[in-house]
Number of protein chains: 2
Amino acid sequence: MLKLTRKVEYALIALRHLQGKKRSQLSSTKEIAEAYHIPVELLAKTLQLMARNEIIDAVQGPLGGYRIKADFHEINMTDFIEMIEGPLGLTDCHFDTECVQANTCNIKKPINKVNKSIRAVFNNMTLADITG
Amino acid sequence: MLKLTRKVEYALIALRHLQGKKRSQLSSTKEIAEAYHIPVELLAKTLQLMARNEIIDAVQGPLGGYRIKADFHEINMTDFIEMIEGPLGLTDCHFDTECVQANTCNIKKPINKVNKSIRAVFNNMTLADITG
DNA sequence: ACTTTATCCGACAATATTAGTCGGATATGC
DNA sequence: GCATATCCGACTAATATTGTCGGATAAAGT
């Protein structure tokens with residue numbers, strides 16, 4: 001049904017939350033999870049992932065938490081989505097080679113065309129376009 | 001990962017196959033399934049679905065099979081995909097009302113914007129654009 | 001030093017979705 | 001009537017997503 005995963009949704013919600021804070025103020029996983037009713041552990045992983053990718057900063061220890069690091073205007077949405085939920089494509093056939101159809105498939109080219117159109121949508125969009 | 005279901009792929013492959021035939025010539029499920037290594041029963045259902053939606057014609061009995069009915073230039077891709085795999089959207093929140101986030105969600109609007117962009121891609125595309 | 005609270009991380013379990021199967025019906029040409 | 005086609009609902013299997021658990025490391029406060 002061509003949908004984004006919850007992890008991406010949670011990531012966006014969290015980023016938007018962080019944007020409402022002052023540059024230096026930290027938000028903990030718990031704080032965000034409770035504010036939006038998101039499972040803590042799952043949100044935690046998503047935040048960790050974003051921290052590893054330098055979208056946000058992580059500060060450990062008590063009084064720790066996360067704060068925005070990157071300039072959202074510079075984060076491409078294709079990259080962002082792929083960072084969180086892996087390769088972005090209409091079909092599997094671009095990633096794994098073992099497709100029984102492979103040789104006989106008559107829609108490889110057209111599917112590829114559509115694929116590009118979809119990717120283009122996200123390529124021409126930055127995180128800033130979404131989080132405001 | 002934002003992908004189409006196999007059913008849609010199979011549908012497109014089948015339609016493309018039918019296009020290679022003369023207007024009056026029939027192709028059976030078995031013939032198509034074997035040509036592209038698609039599970040017969042699954043393809044059968046997809047073809048039946050398309051027949052019900054008057055994209056193709058079904059002829060029963062031995063010597064029966066399917067042939068193209070609709071003008072592919074007139075079939076919008078959004079409609080086609082939704083016909084086969086149901087509602088097309090980036091998130092569930094547009095369909096079911098029971099989302100725990102609902103009230104507190106801070107990304108409803110932005111997600112909706114992206115959603116429209118994606119739908120636009122398929123809206124501005126007909127079956128003919130894909131099957132050639 | 002110890003306790004508390006935070007990030008960090010891998011492995012696991014539950015759930016939902018998709019893919020594929022099966023049994024039996026109806027239609028029709030021979 | 002037999003063979004072969006579409007038709008259709010219900011079922012099972014496979015896969016992917018979502019959520020949970022246990023335990024580690026980091027650092028602030030006492």
Side-chain angles (χ1 to χ4, degrees), chain A residues 1-11 14 18 25-34 36-53 56-67 69 81 84-92 95-96 98-101, chain B residues 1-11 13-14 18 25-34 37-53 56-67 69 81 84-92 95-96 98-101:
Chain A
M1 153 294 217
L2 217 86
K3 76 181 176 192
L4 296 174
T5 59
R6 287 260 166 90
K7 272 203 253 184
V8 173
E9 290 180 47
Y10 296 160
L18 292 179
Q25 207 177 352
L26 295 171
S27 303
S28 73
T29 307
K30 205 175 147 210
E31 169 192 329
I32 302 175
E34 282 175 358
Y36 305 96
H37 306 98
I38 301 173
V40 186
E41 302 288 343
L42 191 52
L43 177 62
K45 280 207 224 177
T46 308
L47 288 167
Q48 285 157 28
L49 193 58
M50 289 197 284
R52 273 201 294 279
N53 284 275
I56 55 181
D57 255 335
V59 177
Q60 288 200 331
L63 307 188
Y66 299 92
R67 84 169 79 93
K69 180 172 190 188
I81 294 175
I84 294 180
E85 66 176 28
L88 175 60
L90 285 186
T91 54
D92 289 325
F95 314 123
D96 62 40
E98 18 178 356
C99 168
V100 205
Q101 276 82 36
Chain B
M1 163 280 222
L2 217 88
K3 76 180 175 193
L4 295 174
T5 59
R6 286 261 165 90
K7 272 203 253 184
V8 173
E9 290 180 48
Y10 294 160
I13 289 175
L18 292 179
Q25 207 176 353
L26 296 170
S27 303
S28 73
T29 305
K30 205 175 147 210
E31 169 192 329
I32 303 175
E34 282 175 358
H37 305 99
I38 301 174
V40 185
E41 301 288 342
L42 190 52
L43 177 63
K45 280 207 224 178
T46 308
L47 288 166
Q48 284 157 28
L49 193 58
M50 289 198 283
R52 274 201 294 279
N53 284 275
I56 54 180
D57 256 334
V59 176
Q60 289 201 330
L63 307 187
Y66 299 92
R67 85 171 77 95
K69 179 173 189 185
I81 293 174
I84 293 179
E85 68 176 27
L88 175 61
L90 285 185
T91 54
D92 289 325
F95 313 124
D96 62 41
E98 18 177 357
C99 168
V100 205
Q101 277 83 35

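Both backbone and side-chain heavy atoms feed into the values below; hydrogens, waters and symmetry mates do not. Convention: sequence-line order gives letters A, B, ...; per-chain numbering from 1.
Interatomic distance, CD of B/E85 versus CD of B/E9, reported as 10.0 Å (0.5 Å rounding). With rounding to the nearest 0.5 Å, the separation of CG in A/L18 from CG in A/L47 is 7.0 Å. Atom CZ of residue B/R6 and atom CG of residue B/L42 lie 9.5 Å apart, to the nearest 0.5 angstrom. Rounded to the nearest 0.5 Å, atoms NZ (B/K7) and CD1 (B/I84) are 8.5 Å apart. Atom CG of residue B/L2 and atom CD1 of residue A/I81 lie 7.0 Å apart, to the nearest 0.5 angstrom. The CD atom of B/Q48 lies 8.5 Å from the OG1 atom of B/T46; values are rounded to the nearest 0.5 Å.
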Ignoring hydrogens and angles, write down the donor-acceptor pairs under 3.5 Å from the side chains of residues 25-34 of chain A, residues two or more places apart or on other chains.
from: A/S27; atom 1: OG; to: A/K21; atom 2: NZ; distance (Å): 3.2
from: A/S27; atom 1: OG; to: A/E31; atom 2: OE2; distance (Å): 3.4
from: A/S28; atom 1: OG; to: A/E31; atom 2: N; distance (Å): 3.1
from: A/E31; atom 1: OE2; to: A/H17; atom 2: NE2; distance (Å): 2.9
from: A/E31; atom 1: OE2; to: A/K21; atom 2: NZ; distance (Å): 2.5

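Listed here is the closest heavy atom pair of B/A58 and B/Y66: CB-CE2, 3.6 Å.
Contact annotation: A/T29 reaches the phosphate of C/dT7 (side-chain N/O to OP1 or OP2, under 4.0 Å).
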Report, one pair per line, the protein and nucleotides 18-22 of chain C atoms (nitrogen or oxygen only) whose separation is under 3.5 Å.
from: C/dT18; atom 1: OP1; to: A/M1; atom 2: N; distance (Å): 3.4
from: C/dA19; atom 1: OP1; to: B/R6; atom 2: N; distance (Å): 2.8
from: C/dA19; atom 1: OP2; to: B/R6; atom 2: N; distance (Å): 3.2
from: C/dG20; atom 1: OP2; to: B/Y10; atom 2: OH; distance (Å): 3.0
from: C/dT21; atom 1: O4; to: B/K45; atom 2: NZ; distance (Å): 3.2
from: C/dC22; atom 1: N4; to: B/E41; atom 2: OE1; distance (Å): 3.4

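The outermost nucleotides of DNA chain D lying under 4.0 Å from heavy atoms of chain A, listed 5' to 3', are D/dT18 to D/dG29.
A residue-by-residue look at A/G64 and A/R52 shows that A/G64 has its nearest nucleotide of DNA chain C further toward the 5' end.
Atom CG of A/L26 is separated from atom P of C/dT7 by 9 Å (rounded to the nearest Å). Here the P atom of nucleotide C/dG29 and the CG atom of B/L63 are 8 Å apart, to the nearest Å.
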